[in-house]
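Take a look at the structure set out below.
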Amino acid sequence: MSYVFAAPPQASLAVQDTDARFPVRRIFCVGRNYEAHAREMGNDPDREPPFFFTKPADAVMDTPCTFPYPPLTQDLHYEIELVLAIGKGGKDLREDAVMDHIWGASVGIDFTRRDLQAEAKKTGRPWDWAKAFDHSAPIAPIKPIAQVPSLTKARIWLAVNGKIRQDADIADLIWSVREHVSTLSRAMILAPGDLVMTGTPAGVGAVVPGDVITGGVDGIADLEVTVGLQS
Ligand code: MN
């Protein structure tokens with residue numbers, strides 16, 4: 001079998017304590033999964049079942065990295081998120097089976113062109129241009145699940161230039177890992193290499209070129225991302 005031109009490289013992420021890499025298939029992101037963040041975005045978190053949007057697999061970047069400031073925005077926001085790495089596929093997963101499908105976990109940033117998202121919400125258009133742009137998912141090296149102390153309780157935080165902007169606990173997820181991965185698996189057949197970005201807590205805000213973002217989920221991973229000039 002041959003291709004009409006060279007096949008694109010497989011998107012992948014670093015794994016902690018090994019040179020072997022995690023091959024990325026798709027990136028699913030959960031919207032409004034922390035109450036305080038849902039409220040800061042003007043929504044009532046009590047009424048909504050979990051909903052999802054996606055980013056392309058090659059939006060991932062290893063960290064530490066310099067993230068090129070994207071075009072078309074004056075309001076680029078960080079969103080720190082717990083990231084799940086699926087290692088075993090399946091569909092219609094029961095909540096008590098979800099953990100068998102998770103290969104590892106990490107922390108990442110769901111970069112968002114907030115001005116384009118606001119326009120999309122206003123006009124009823126898709127979120128793709130707000131969320132699914134190039135380099136929009138820097139993610140720290142993945143920690144294998146056997147070494148992850150907890151996916152139900154851990155501090156999640158983000159700082160810009162050393163000043164804390166997001167500080168919460170994954171225990172505050174409206175829809176837990178088991179719940180939202182089960183929900184996702186009823187809509188899509190999950191496959192090895194899929195990532196799930198599980199939503200961001202309150203405190204989102206804008207960054208500009210030169211800012212240094214640090215963040216983490218305690219016990220799982222930390223990251224550092226420098227915001228670069230527009231590429
Ligand atoms: Mn997000």
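For ligands, and for the atoms within them, numbers begin at 1 and follow the listed sequence.
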Exercise. Kindly say whether the aromatic ring centers of Trp127 and Phe51 come within a distance under 6.0 Å.
Key: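 Distance test on ring centres: under 6.0 Å, yes.
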State the atom name: nearest N, O or S atom of [X] to the Mn ion (ligand 1).
X	value
Glu81	OE2
Glu79	OE1
Asp110	OD2

Quiz item: Between Asp169 and Lys153, is there a salt bridge with N-O shorter than 4.0 Å?
Solution: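 Salt bridge between Lys153 and Asp169, a charged N being under 4.0 Å from a carboxylate O: yes.
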Quiz item: Are Thr73 and Arg113 close enough that a side-chain donor and a side-chain acceptor fall under 3.5 Å?
Solution: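 No pair is found: no donor N or O on one side chain lies under 3.5 Å from an acceptor on the other.
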Quiz item: Can a donor-acceptor pair be found between the side chains of Arg178 and Ser182 at a distance below 3.5 Å?
Solution: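 No.
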